[in-house]
Engineer: 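There's a structure below that I have some questions on.
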Amino acid sequence: MANKELALYIMEQLEGLEFIKSIPMMGGYLFYYKGRIFGGSYGTSFMVKITKASRHYMPNSISESPYEGAKPMLPVDIVDNSELLKQMVEEMYEELPEAKPKKKKIKK
């Protein structure tokens, strides 16, 4: 599945969950829930941050780095189960860091 198709499929699977968005970034997509990044699509895989909730929902998923130099993430093995995926994302929210405030650009 191509990256854009994968991103659309993930958004379909998360339908019904409010405040979900995906943003194209460096050839992939980043996924946000209530303003916090919880995962991304990298090539042909969808990965999420490692939290207690993501480990609970995907105990057999083995962490790996999505690209060289990146922090390890968990490949999502429940992407075809919409209800489990939504539950996991909701439970991950409290464990995710808050979005960093954007720096104001100084006009010269």
Engineer: Could you check if a side-chain atom of Ile23 sits within less than 4.5 angstrom of a side-chain atom of Tyr29, using non-hydrogen atoms only?
Structural biologist: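 Answer no - side chains too far apart.
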Engineer: Look at the side-chain heavy atoms of Ile, Leu, Val, Met, Phe, Trp and Tyr, link any pair under 4.5 Å apart, and say whether Ile20 and Met47 land in one connected group.
Structural biologist: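 In one cluster with Ile20: Met47, no.
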Engineer: Strictly distance-based, threshold 3.5 Å: is any side-chain N or O of Ser41 a donor or acceptor partner for the main-chain N or O of Leu6?
Structural biologist: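 No, because the side chain of Ser41 does not come within donor-acceptor range (under 3.5 Å) of the backbone of Leu6.
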Engineer: Got a second to check how far Met73's CE is from Ser54's OG, nearest 0.5 Å?
Structural biologist: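 Between atom CE of Met73 and atom OG of Ser54 there are 9.0 Å.
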Engineer: Identify whether Ile50 and Met88 are in the same connected component of the hydrophobic contact network (ILVMFWY, side-chain heavy atoms under 4.5 Å).
Structural biologist: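 Yes.
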Engineer: Measuring only between side-chain heavy atoms, which start at C-beta, is Glu64 closer than 4.5 Å to Pro75?
Structural biologist: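 Of all side-chain heavy-atom pairs linking Pro75 with Glu64, at least one is under 4.5 Å.
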Engineer: For the OG1 atom of Thr51 and the CD atom of Glu91, what is their distance to the nearest 0.5 Å?
Structural biologist: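 Here the rounded value is 9.0 Å.
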Engineer: If hydrophobic clusters are built by linking Ile, Leu, Val, Met, Phe, Trp and Tyr wherever their side-chain heavy atoms come under 4.5 Å apart, do Met25 and Phe46 end up in the same one?
Structural biologist: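 Met25 and Phe46: separate clusters.
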Engineer: Taking atom types as modelled, is there a side-chain donor on Tyr57 or Asp77 under 3.5 Å from an acceptor on the other?
Structural biologist: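 No - no donor-acceptor pair under 3.5 Å links their side chains.
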Engineer: Return yes if some donor-acceptor pair links the side-chain N/O of Ser61 with the main-chain N/O of Met58 below 3.5 Å, else return no.
Structural biologist: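 Not at all, since once roles are kept as given, no pair shorter than 3.5 Å links the two residues.
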Engineer: Say whether, by atom type as modelled, one donor and one acceptor occur between the side chain of Lys86 and the main chain of Glu15 under 3.5 angstrom.
Structural biologist: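 Present.
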Engineer: Is the closest side-chain heavy-atom distance between Ile10 and Phe31 below 4.5 Å?
Structural biologist: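 Yes, side chains in contact.
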Engineer: Distance check, rounded to the nearest 0.5 Å: Glu94 atom CD versus Arg36 atom CZ?
Structural biologist: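 One finds 6.0 Å between CD of Glu94 and CZ of Arg36.
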Engineer: Are any non-hydrogen side-chain atoms of Ile78 and Val76 less than 4.5 angstrom apart?
Structural biologist: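 Of all side-chain heavy-atom pairs linking Val76 with Ile78, at least one is under 4.5 Å.
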Engineer: Please determine which of Tyr93, Phe38, Phe19 meets the ring-ring contact (aromatic ring centres under 6.0 Å, His included) test together with Tyr33.
Structural biologist: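 Per the ring-ring contact (aromatic ring centres under 6.0 Å, His included) rule, the option paired with Tyr33 is Tyr93, out of Tyr93, Phe38, Phe19.
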Engineer: Taking atom CD of Glu83 and atom CD of Gln13, what is their separation to the nearest 0.5 Å?
Structural biologist: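 The CD atom of Glu83 sits 9.5 Å away from the CD atom of Gln13.
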Engineer: Write down the atom of Lys49, the atom of Leu96, and the distance for their closest heavy-atom approach.
Structural biologist: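 Result for this residue pair: CD-CD2, 3.9 Å.
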Engineer: Can you confirm whether Leu14 sits close enough to Leu85 that some side-chain heavy atom of one is under 4.5 Å from a side-chain heavy atom of the other?
Structural biologist: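 Of all side-chain heavy-atom pairs linking Leu85 with Leu14, at least one is under 4.5 Å.
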Engineer: Do Met26 and Tyr32 land in one hydrophobic cluster if side-chain heavy atoms of ILVMFWY residues count as linked below 4.5 Å?
Structural biologist: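 Yes, because Met26 and Tyr32 connect within a single hydrophobic cluster, where side-chain heavy atoms sit under 4.5 Å apart.
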Engineer: NZ of Lys34 to CD of Glu18: how many Å apart, nearest 0.5 Å?
Structural biologist: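 Here the interatomic distance stands at 8.5 Å.
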Engineer: Transitively linked via ILVMFWY side-chain contacts under 4.5 Å: Val48 with Met11?
Structural biologist: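 Yes, one cluster joins them.
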Engineer: How many angstroms lie between OG1 in Thr44 and CD in Glu5, if you round to the nearest 0.5 Å?
Structural biologist: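 Answer rounded to 0.5 Å: 11.5 Å.
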